[in-house]
Amino acid sequence: MKIKPLADRVVIKMLEAEETTKSGIVLPGSAKEKPQMAEVKAVGPGTDEVKMEVKKGDKVLISKYAGTEVKIDGEEYTIVKQGDILAIVE
């Protein structure tokens with residue numbers, strides 16, 4: 001990937017997980033709501049006011065409608081401000 005976020009922006013890739021209902025039916029990711037968990041792929045340098053707290057490889061929870069979706073080399077990514085990241089999942 002050749003994308004470098006600026007300021008306090010973070011490039012993430014949404015994680016899609018299949019879900020199985022109690023009766024055993026597997027729901028593909030496209031049949032559910034927009035996922036809110038993602039993996040950090042690139043992190044901007046931050047600003048004088050904003051210190052970057054996430055790093056590449058972190059799994060994070062984001063606000064439901066946050067970010068701008070982009071497609072690069074056939075892959076879909078989302079660019080969000082660090083303020084739209086709610087938590088780091090450990």
Side-chain angles (χ1 to χ4, degrees):
M1 176 177 69
K2 304 230 190 272
I3 185 169
K4 183 178 177 184
L6 302 175
D8 64 338
R9 289 179 177 77
V10 179
V11 177
I12 57 174
K13 183 165 180 63
M14 303 308 290
L15 298 176
E16 286 192 32
E18 289 185 344
E19 181 179 314
T20 305
T21 64
K22 289 181 181 180
S23 61
I25 297 172
V26 176
L27 299 174
S30 60
K32 300 187 312 180
E33 284 186 18
K34 181 178 175 183
Q36 291 178 267
M37 187 175 288
E39 181 178 351
V40 176
K41 295 295 186 177
V43 179
T47 65
D48 291 338
E49 296 83 29
V50 180
K51 177 181 170 262
M52 299 308 283
E53 297 182 30
V54 297
K55 62 186 180 308
K56 184 176 179 178
D58 282 349
K59 300 243 186 307
V60 295
L61 295 175
I62 64 163
S63 297
K64 195 168 193 172
Y65 299 107
T68 302
E69 295 176 357
V70 295
K71 195 170 194 174
I72 299 170
D73 297 332
E75 294 283 330
E76 291 187 13
Y77 299 96
T78 305
I79 300 174
V80 298
K81 286 192 164 213
Q82 181 174 258
D84 291 327
I85 296 174
L86 305 174
I88 297 173
V89 179
E90 295 178 346

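- When every heavy atom of Tyr77 is checked against every heavy atom of Ile72, the shortest pair comes out as CE1-O, 4.0 Å.
- Using a 4.5 Å cut-off on side-chain heavy atoms (C-beta onward), Val10 and Met52 make contact.
- Ile62 approaches Met14 most closely through the heavy-atom pair CD1-CE, 3.8 Å.
- For the residue pair Pro45 and Pro5, the shortest heavy atom distance occurs at CD-O, 3.7 Å.
- Annotation: the span from Lys64 atom NZ to Gln36 atom CD amounts to 6.0 Å, rounded to 0.5 Å.
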For residues 80-90, which side-chain donor-acceptor pairs fall under 3.5 Å, sequence neighbours excluded?
{"residue": "Gln82", "atom": "OE1", "partner": "Glu53", "partner atom": "N", "Å": "2.7"}
{"residue": "Gln82", "atom": "NE2", "partner": "Lys51", "partner atom": "O", "Å": "3.0"}

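- Taking the side chain as every heavy atom from C-beta outward, Glu39 and Leu15 approach each other to under 4.5 Å.
- Atoms CG and CD1, on Asp58 and Ile12 in that order, are 12.0 Å from each other to the nearest 0.5 Å.
- A distance of 9.0 Å separates CG of Asp8 from CD of Glu49, quoted to the nearest 0.5 Å.
- Shown here for Glu69 and Thr78, the closest heavy-atom pair between the two residues is CG-OG1, 3.9 Å.
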